[in-house]
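For the single chain, residues carry numbers from 1 onward in sequence order. It should be emphasised that the depicted structure is a prediction, and the values quoted were computed from it without experimental measurement.
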Amino acid sequence: MERSMKAGISLYFGSGAEENERIIERAEEAGATHAFTSLHIPEERGVNYAGDARRLLRRLRDASIGLIADVGPDTCEKLGCARIEELGDLGFTHLRLDYGFTIEQTVELSRRFRIVFNASTITRDEIAAWRAAGADLSRFSACHNYYPKRYTGLDIQAVRETNGLLAAQGFETIAFVPGDGRLRGPLYEGLPTVEDHRERADRLAFNMLELAHMAGTDIVLVGDPDLTEGSWSRLGQICAGYVDVRCNVRPEYSFLLGQIHHDRPDSSGFIFRSQESRTSLRPTTVPVDETASSPRPAGSIAISNERYLRYEGELEIARVDLPGDGRMNVVGEVDPRDLDYLAVVRNGFGLRFIG
């Protein structure tokens with residue numbers, strides 16, 4: 001079973017309609033599934049919500065990009081809606097509610113929208129109150145903040161622990177990675193949920209996969225308003241369910257280059273195990289060669305030879321140092337610059353070998 005990722009962008013109406021049109025077009029090309037925006041950012045003044053904002057919202061809807069939005073009691077007035085339920089017709093799928101909504105209103109809205117709360121501030125009492133009012137918590141989402149101020153972001157382990165607790169209650173979880181193109185003010189230092197991601201904003205794919213597969217985040221969004229060309233390409237790969245990994249392979253196994261392999265959904269901590277290699281991507285036969293029994297340091301690419309019987313042709317990549325095995329031919333290795341991807345490409349996600 002292959003696994004794609006729910007991933008997306010952030011839009012800020014203060015950027016202007018023309019710039020946001022361009023971002024939406026790039027996001028659609030990349031296959032983004034979601035976009036985040038806020039309708040009450042203090043720095044955004046003079047926005048024509050009833051005109052420009054509504055046009056952009058329709059553009060998102062036409063691109064099949066679900067909208068996660070901060071909304072408040074004045075949102076309807078800004079957008080010219082008579083009732084908050086009309087936001088669904090504009091493409092809103094997730095409402096991150098500001099103050100001013102009762103428990104009963106929240107539960108009622110959850111029947112039309114996913115309701116989003118701050119992952120760091122949800123209390124057990126609130127969850128109990130929603131349940132008592134008849135809420136289906138699978139219609140609720142918990143969104144981690146992004147942190148514009150340096151050194152205020154979270155630790156990846158803290159995100160993982162919070163996500164685990166929320167998932168057990170039925171919540172969908174959302175978090176942010178920083179962009180590496182045009183950054184958002186007023187600080188212009190990136191908008192990550194995890195502080196460590198701020199200094200490696202140029203490693204968009206790794207950051208997104210770490211949040212998804214090591215911290216259990218359901219939707220990963222870019223917090224800043226733009227990406228570099230390379231990162232737009234990486235976002236497209238992430239949305240398609242794979243990431244490029246540089247490698248070196250023996251000439252007789254050059255057919256591996258360009259192939260996409262997906263890890264099994266029951267991931268091993270020791271190896272990446274290709275789902276495709278024994279079917280559509282396997283060679284006809286794999287005779288034992290001189291590399292059989294060679295030690296397999298982390299990153300080694302190996303294929304089961306004829307001695308492995310019905311597993312002949314199965315490709316695997318060592319996540320950790322492994323001993324030699326006479327049933328495995330060592331055919332190449334992942335480039336050291338991409339070794340860390342082996343920790344985060346898991347659970348049905350894929351990688352594509354490139355030279």
Side-chain angles (χ1 to χ4, degrees), residues 1-5 160 203 205-206 208-217 234 236-355:
M1 181 178 65
E2 300 173 10
R3 179 185 175 184
S4 58
M5 257 181 69
R160 179 179 181 176
R203 301 206 66 203
F206 183 89
M208 296 186 102
L209 288 167
E210 186 175 48
L211 272 174
H213 296 160
M214 306 308 289
T217 308
R234 283 297 213 193
Q237 291 178 10
I238 288 290
C239 293
Y242 72 93
V243 64
D244 279 347
V245 172
R246 292 166 286 191
C247 66
N248 303 296
V249 297
R250 290 162 50 192
E252 60 267 42
Y253 289 95
S254 61
F255 63 85
L256 293 172
L257 297 177
Q259 289 185 355
I260 299 175
H261 292 259
H262 293 86
D263 189 30
R264 286 175 58 105
D266 51 342
S267 282
S268 164
F270 297 92
I271 61 170
F272 171 103
R273 187 179 178 193
S274 168
Q275 296 184 52
E276 293 89 353
S277 55
R278 280 198 289 143
T279 55
S280 59
L281 302 182
R282 64 168 288 178
T284 305
T285 60
V286 186
V288 178
D289 68 23
E290 70 277 6
T291 67
S293 301
S294 298
R296 290 182 288 155
S300 297
I301 304 168
I303 295 180
S304 301
N305 61 43
E306 60 192 2
R307 291 175 178 167
Y308 235 133
L309 305 178
R310 67 187 180 92
Y311 294 100
E312 182 180 7
E314 184 169 280
L315 180 144
E316 59 186 56
I317 309 170
R319 299 191 201 271
V320 298
D321 293 345
L322 297 173
D325 186 332
R327 299 168 297 179
M328 303 293 300
N329 294 348
V330 179
V331 305
E333 64 279 329
V334 173
D335 189 293
R337 292 171 294 178
D338 287 342
L339 269 179
D340 53 1
Y341 277 112
L342 296 179
V344 297
V345 177
R346 291 178 174 270
N347 308 117
F349 205 78
L351 57 78
R352 180 171 67 179
F353 291 123
I354 62 171

Counting C-beta onward and ignoring hydrogens, is there a side-chain heavy-atom pair between Val334 and Phe272 closer than 4.5 Å? no
Step by step, work out the side-chain contact (heavy atoms from CB on, under 4.5 Å) result for Arg307 and Val288. CA-CA 7 Å; Arg307 291 175 178 167; Val288 178; 3.4 Å; yes
Does the structure place the NZ or CZ of Arg327 under 6.0 Å from the centre of the six-membered ring of Tyr308, at an angle of no more than 45° from the ring's axis? yes
Given side-chain contact (heavy atoms from CB on, under 4.5 Å), test Leu257 with Val249 step by step and report yes or no. CA-CA 8 Å; Leu257 297 177; Val249 297; 4.2 Å; yes
How long is the straight-line distance from OG1 of Thr217 back to CZ of Arg160, given to the nearest 0.5 Å? 11.0 Å
When rounded to the nearest 0.5 angstrom, what distance separates CD in Glu314 from CD in Glu276? 11.0 Å
Answer yes or no: is there a donor N or O on one side and an acceptor on the other, between the side chain of Asn329 and the main chain of Pro287, under 3.5 Å? yes
OH-CG distance between Tyr253 and Asp289, expressed to the nearest 0.5 angstrom: 5.0 Å
Audit row: Phe349, Asp263, side-chain contact (heavy atoms from CB on, under 4.5 Å) steps and yes/no: CA-CA 6 Å; Phe349 205 78; Asp263 189 30; 5.9 Å; no
May I ask you to test the His213-Val345 pair for a side-chain heavy-atom distance under 4.5 Å? no
Closest non-hydrogen atoms of Leu339 and Ala298, given as atom of the first, atom of the second and distance, are CD2-O, 3.7 Å
Tightest non-hydrogen contact, residues Gln275 and Gly348, listed as NE2-CA, 3.9 Å
Determine the minimum heavy-atom distance between Ala292 and Gly326, stating which atoms define it. CB-O, 3.5 Å
Indicate yes or no: does Arg296 engage Glu316 in a salt bridge with an N to O separation below 4.0 Å. yes
If I take atom CE from residue Met328 and atom OG from residue Ser293, how far apart are they, to the nearest 0.5 angstrom? 11.0 Å
Between Glu312 (side chain) and Val286 (backbone), is there a donor-acceptor pair under 3.5 Å? yes
If you measure from CD1 on Ile301 to OG on Ser274, what distance do you get to the nearest 0.5 Å? 11.0 Å
For Val320 and Gly269, which heavy atoms make the closest approach, and how far apart are they? CG1-O, 4.2 Å
Can you see which heavy atom on Leu256 is nearest to which on His261, and at what distance? CD2-NE2, 4.2 Å
Side chains of Arg203 and Tyr341: closer than 4.5 Å at any heavy-atom pair? yes
Would the distance check show the side chain of Arg352 and the main-chain N or O of Val243 forming a donor-acceptor pair, the cut-off being under 3.5 Å? no
Side chains of Asp321 and Pro297, heavy atoms from C-beta outward: is any pair under 4.5 Å? yes
Heavy-atom side-chain proximity of Met208 to Arg234 below 4.5 angstrom: no
For Leu351, the option from Ile317, Asp244, Ile260 that meets side-chain contact (heavy atoms from CB on, under 4.5 Å): Ile317
Which pair of heavy atoms, one from Met5 and one from Leu209, lies closest together, and at what distance? SD-CD2, 3.8 Å
d(Arg346 CZ, Ser268 OG) to nearest 0.5 Å is 8.0 Å
